Protein chains: 2
Amino acid sequence: MATTSVTSSSRTDSASEKLRREILDGLAAPGDLLAESAVARRLGVSRVPVREALFDLERDGLVEFSETGRAYVKRLAPADFEELFVVRLALEPLASRLATPQLRSTTEALERNIAATQRSKTVQQVTRLDLDFHEIILTASGNTRLLKLWSSMRAELELWLGRLHRRHQFQTSETQRETIAAHTAIVQGFRTQSPAECERIMRQHIQGWREWLPVLAENE
Amino acid sequence: MATTSVTSSSRTDSASEKLRREILDGLAAPGDLLAESAVARRLGVSRVPVREALFDLERDGLVEFSETGRAYVKRLAPADFEELFVVRLALEPLASRLATPQLRSTTEALERNIAATQRSKTVQQVTRLDLDFHEIILTASGNTRLLKLWSSMRAELELWLGRLHRRHQFQTSETQRETIAAHTAIVQGFRTQSPAECERIMRQHIQGWREWLPVLAENE
DNA sequence: GATTTCCAAACGGTATACCGATTTATTTTT
DNA sequence: AAAAATAAATCGGTATACCGTTTGGAAATC
């Protein structure tokens, strides 16, 4: 809902989407070489759109380039997650505060998001909707730059969460329950219409992620 | 100093740098069409590197694409500057706080930057060094993500300042004096080694930019 | 004179081809 | 058997070519 889902006509975009999905779904292992020719052959397009798609994915943090220009599926280091966390803590409480005035109309979208989360069957869906929830608030802040910066981290966040779930085989129902509880509390807090309270509750929510850091330290 | 200045070997990068300079120096007017073929002919390379350079510049906020895929020199709206200001206020005081532990080694770099600013002869140099000063602090924060997000706004900030200067014909000496005074005060504040104080003084510094908002409102 | 129609030029998206550099496999040397 | 040299395959950077679409202006119409 919050993401662009128009069926793009350009081959660059469709190549980008296919590769993005393969990486997020874990079909491509971290460190795997994404050679232009091989990908092009596999996707049935020429190298040019693939090349541009790879640049797109690099911008989104799903692909990294070696010094010699080769593209690999992004490898994650726990320190990266810590950094993402620090930056979210700078952006999201601020966005919550800025969103306060326009929040009445946004609350509906947030509640629809929670309802959809309740209907979710897979961890992937829950994750997607979780990030959508936050993106709704960033959008409501009215600061397009703030939204753009946050969006530039979204794919990477999804990558982290996906790999975490696959590695630790979380119970879908538990992830679902926790997400719904946390988001419901946020919507409640937003009902106060107090900028300070909105900012505080979002800060608290994001700080909850700190619990994951020890788990992440176990990663490769 | 803080920016990459290696003479890039790839034609994409050199095309990107040439175009970047043309836009920042105001040689290309806002809204000008940057047609791939024309640019390629002018720079003596083929369309492919130009095409990729244009995507780079879009990412840096110096170029915007129309729905039909044409590239134009970025047009600025005063609201964009306000947004940049809000985001800097979220990132830079935080970076200052995070940089506190490593600050002793950084202070030297900052002082060298101020000295270079004193030696500057043109407004462009002062502007470049001004942004370098801030980038030094972002780098010292140790949070590469924070640095990356800030860097993604740098070119656009430079674009704004350049157009402002050309439009209002500021006295170089005055800009220089103000910049030096402000940065010297920041370094002084940093000497306290207090995270809270470093954060505060940077917030105050950036808020000083608010004065420009009325001026910017006169822009197209 | 203003508006619409139509056409030629220009443009962007993409496939293909070429080349030097890099990587990988093979062979030679120690 | 290990290491070094060499050969073969692969890869990325880039030029060129082709095609459908967009665009801007001329011609036609009102």
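What you see is a predicted model, and the numbers here were worked out from it, not measured in a lab. To find a chain, count down the sequence lines: A is the first, B the second, and so on, and within it residues start at 1.
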Which protein N or O atoms sit under 3.5 Å from an N or O of nucleotides 6-10 of chain D?
none

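Judged by distance alone, the side chain of S141(A) and the main-chain N or O of I137(A) form no donor-acceptor pair under 3.5 Å. In this structure, S16(B) contributes its side chain and T12(B) its backbone to no donor-acceptor pair below 3.5 Å. At distances below 3.5 Å, not a single donor-acceptor pair connects side-chain atoms of Q124(A) with backbone N or O atoms of G162(A). Judged purely by atom type and a 3.5 angstrom limit, E64(B) uses its side chain to pair as donor or acceptor with the backbone of R75(B).
A nucleotide of DNA chain C counts as in contact with chain B when one of its atoms lies under 4.0 Å from a heavy atom; the first and last such, 5' to 3', are dC11(C) to dT14(C).
Contacts with DNA chain C (heavy atom under 4.0 Å) in residues 43-69 of chain A: V45(A), S46(A), R47(A), V48(A), P49(A), T68(A), listed by number.
Counting heavy-atom neighbours within 6.0 Å of R166(B) CZ, excluding the residue itself, gives a total above 12. Shown here is R104(A), whose CZ atom has no more than 12 heavy atoms of other residues, nucleotides or ligands within 6.0 Å.
Here K74(A) does not pair with E58(A) in a salt bridge; the nearest charged N to carboxylate O distance is not below 4.0 Å. Salt bridge status for E156(A) with R145(B): present, with a side-chain N to carboxylate O gap under 4.0 Å.
Ring centroids of F85(A) and W209(A) are separated by 6.0 Å or more, keeping the two rings apart. Between F65(B) and Y72(B), the ring center distance fails the sub-6.0 Å criterion.
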